[in-house]
Number of protein chains: 2
Amino acid sequence: MQLRRDDVLRGARDLLDADGLDGLTMRKLGAVLKVQAGGLYWHFSSKQALLEALAGDLVAGVAETPPAGPWDQRIATLAHRLRRALLGVRDGARLVAETFVTQPTTVLAGRTGMRILIDDAGLSPEQAAWTVIALSHYVIGHTIEEQAPRLDWADKLAKAEQRIGDDLIHDLGAAITADPDRRFEFGLGLVLDGIRRRVEAGQP
Amino acid sequence: MQLRRDDVLRGARDLLDADGLDGLTMRKLGAVLKVQAGGLYWHFSSKQALLEALAGDLVAGVAETPPAGPWDQRIATLAHRLRRALLGVRDGARLVAETFVTQPTTVLAGRTGMRILIDDAGLSPEQAAWTVIALSHYVIGHTIEEQAPRLDWADKLAKAEQRIGDDLIHDLGAAITADPDRRFEFGLGLVLDGIRRRVEAGQP
DNA sequence: ACCTGAACACCGTTCAAGT
DNA sequence: ACCTGAACACCGTTCAAGT
């Protein structure tokens, strides 16, 4: 029963989900796939290459053209898809962040966003490019934090609140522990509003 | 000549700058400080704890209250300070991203931002908290990408451009390789515009 | 209090050799 | 073509023992 490239990727994905990015080692992956660790290097030239392939696969679906509709809704769809993709596996955002632009699938997703901003929203190609980049930075930043191990946050926040003794810290803590879906929506809305300003300025 | 906690932190910072986050090992740090690796565990309970202390120090200055002025300018100052802090050491953004909210200094920086948004811009405490969180996600996302090793980006982008054969990919590539300062400014402006919408909606 | 020495249980990667 | 076996040069962490 020989191993194919896709089997390795699937095994890596499962192991990532089980043990996290720091727990994903070539030796454990070998064990899962019933293969010596060294054998994996026939399929991938390095662990880094394997991780990049994994990251590429993760964001593969994002680039599909969203259904017709208002430009802001279509862009929101892309942003949601990217977040969903990153959330698809443990530490997905960290994984993708470290191999971001090098991935063809990421480039394609960026292009899809640009199309919408140019054709539907009327931005210049340059503006569109800068905008999709900024938006992706927000999505990735948010999702990294969302996926970060929350272990003892509550404790540390409570301590900070006590030490500083401030209502603002309490409100900040409440926001941090709030529903990530809603927090993402809020930040996305903020960025979209920023884009709207540009769009309106362009066609008054 | 005994080692103090601060000496360890300073050594770790230097080593981080020299070898990057993946190259920062307890054994190399021990060598730099003329100490056995195990000896470091008297000063820090784990490597993780050391990294967290390093991250905390890095963003320590961000929380200082910015000079008086329009609220958007003061918020921009905070965002620039955070980026500068992250750029202060190699892989600083990655380092901070993984230990983000647990750091008291980060909490303090968030509080400073909230003060401005509440007192100067007239947002509710809740809105202010959600806003500083979203903004910090953008800053961190941007800076992680900015600090990512660029090794063979140009090659891969050129290949993607060739393969897809699209002007949009060319424009996207140009944007990605553009001056990070200007790209950061653009994205920050986008988010600030989004906040302005909220502010105007709040006090029409 | 602060560190050494030495060990334990791991890593990624290479590469001759097997099938 | 695909993998084994074994090695190389590393890791983080613990802990008795030294000073």
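Below, read A as the first sequence line, B as the second, and so on, with proteins coming before strands; counting in each chain starts at 1.
In DNA chain C, stems built from 3 or more consecutive Watson-Crick or G-U wobble pairs, each with both distances under 3.5 Å, span C:4-8 with D:12-16, C:12-16 with D:4-8.
Here the straight-line distance linking atom CE of A/Met114 with atom OG of A/Ser124 works out to 9.0 Å at 0.5 Å rounding. In this structure, CG on B/Leu123 lies 11.5 Å from CD1 on B/Ile116, to the nearest 0.5 angstrom.
Contact annotation: the side chain of A/Leu190 approaches that of B/Arg198 to within less than 4.5 Å [non-hydrogen atoms, C-beta and beyond]. The shortest distance between side-chain heavy atoms of B/Asp72 and B/Val199 does not fall below 4.5 Å.
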- With side chain to side chain contact (heavy atoms under 4.5 Å, CB included) as the test, would you mind laying out the steps for A/Leu21 and A/Leu51 before giving the verdict? CA-CA 10 Å; A/Leu21 192 54; A/Leu51 292 179; 4.2 Å; yes

Query raised in the report: side chain to side chain contact (heavy atoms under 4.5 Å, CB included) between A/Leu86 and A/Leu95: does it pass, once the steps are laid out?
Result: CA-CA 9 Å; A/Leu86 301 182; A/Leu95 172 70; over 6 Å; no

Show me the protein contacts with nucleotides 9-11 of chain D, counting only N or O atoms at under 3.5 Å.
| from | atom 1 | to | atom 2 | distance (Å) |
| --- | --- | --- | --- | --- |
| D/dC11 | OP1 | B/Thr25 | OG1 | 3.3 |

Using atom names, set out every protein N or O paired with an N or O of nucleotides 16-19 of chain D below 3.5 Å, distance rounded to 0.1 Å.
none

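Atom CG in A/Leu3 sits roughly 10 Å away from atom P in D/dC2 (whole-Å rounding). Between the CG atom of A/Leu40 and the P atom of C/dG12 there is a distance of 10 Å, rounded to whole Å. The distance from atom CG of B/Leu33 to atom C1' of C/dC3 is 13 Å, rounded to the nearest whole Å. Atom CH2 of B/Trp42 is separated from atom C1' of D/dT14 by 17 Å (rounded to the nearest Å). Straight-line distance from the CZ atom of A/Arg4 to the C1' atom of D/dC2: 14 Å, rounded to whole Å. Here C/dC3 presents its C1' atom at 8 Å from NE2 of B/His43, a figure rounded to the nearest Å. As a whole-Å value, the separation of A/Leu29 CG from C/dT13 P is 12 Å. Between the P atom of C/dT14 and the CZ atom of A/Phe44 lies a distance of 15 Å, rounded to the nearest Å.
Taking the side chain of A/Tyr41 as heavy atoms from C-beta on, and the options C/dT4, C/dT14, D/dT13, the nearest nucleotide is C/dT14.
Under 4.0 angstrom from either OP1 or OP2 of D/dC3 there lies no side-chain N or O belonging to A/Gln36.
Between B/Arg81 and B/Glu64, no side-chain nitrogen of the basic residue sits less than 4.0 Å from a carboxylate oxygen of the acidic one, so the salt-bridge criterion is not met. A salt bridge between A/Arg13 and A/Asp6 is absent, with no side-chain N of the basic residue lying under 4.0 Å from a carboxylate O of the acidic one. A salt bridge is absent between A/Arg90 and A/Asp22; no separation between the charged side-chain nitrogens and carboxylate oxygens falls under 4.0 Å. The pair A/Glu146-A/Arg183 does not meet the salt-bridge criterion, since no charged nitrogen lies less than 4.0 angstrom from a carboxylate oxygen.
Heavy-atom distances to DNA chain C give each of A/Ser46 and B/Gly38 a nearest nucleotide, and the one nearer the 5′ end belongs to B/Gly38.
Between B/Tyr138 and B/Phe184, the ring planes lie parallel to each other; the angle is under 30°, not in the 30° to 60° tilted range.
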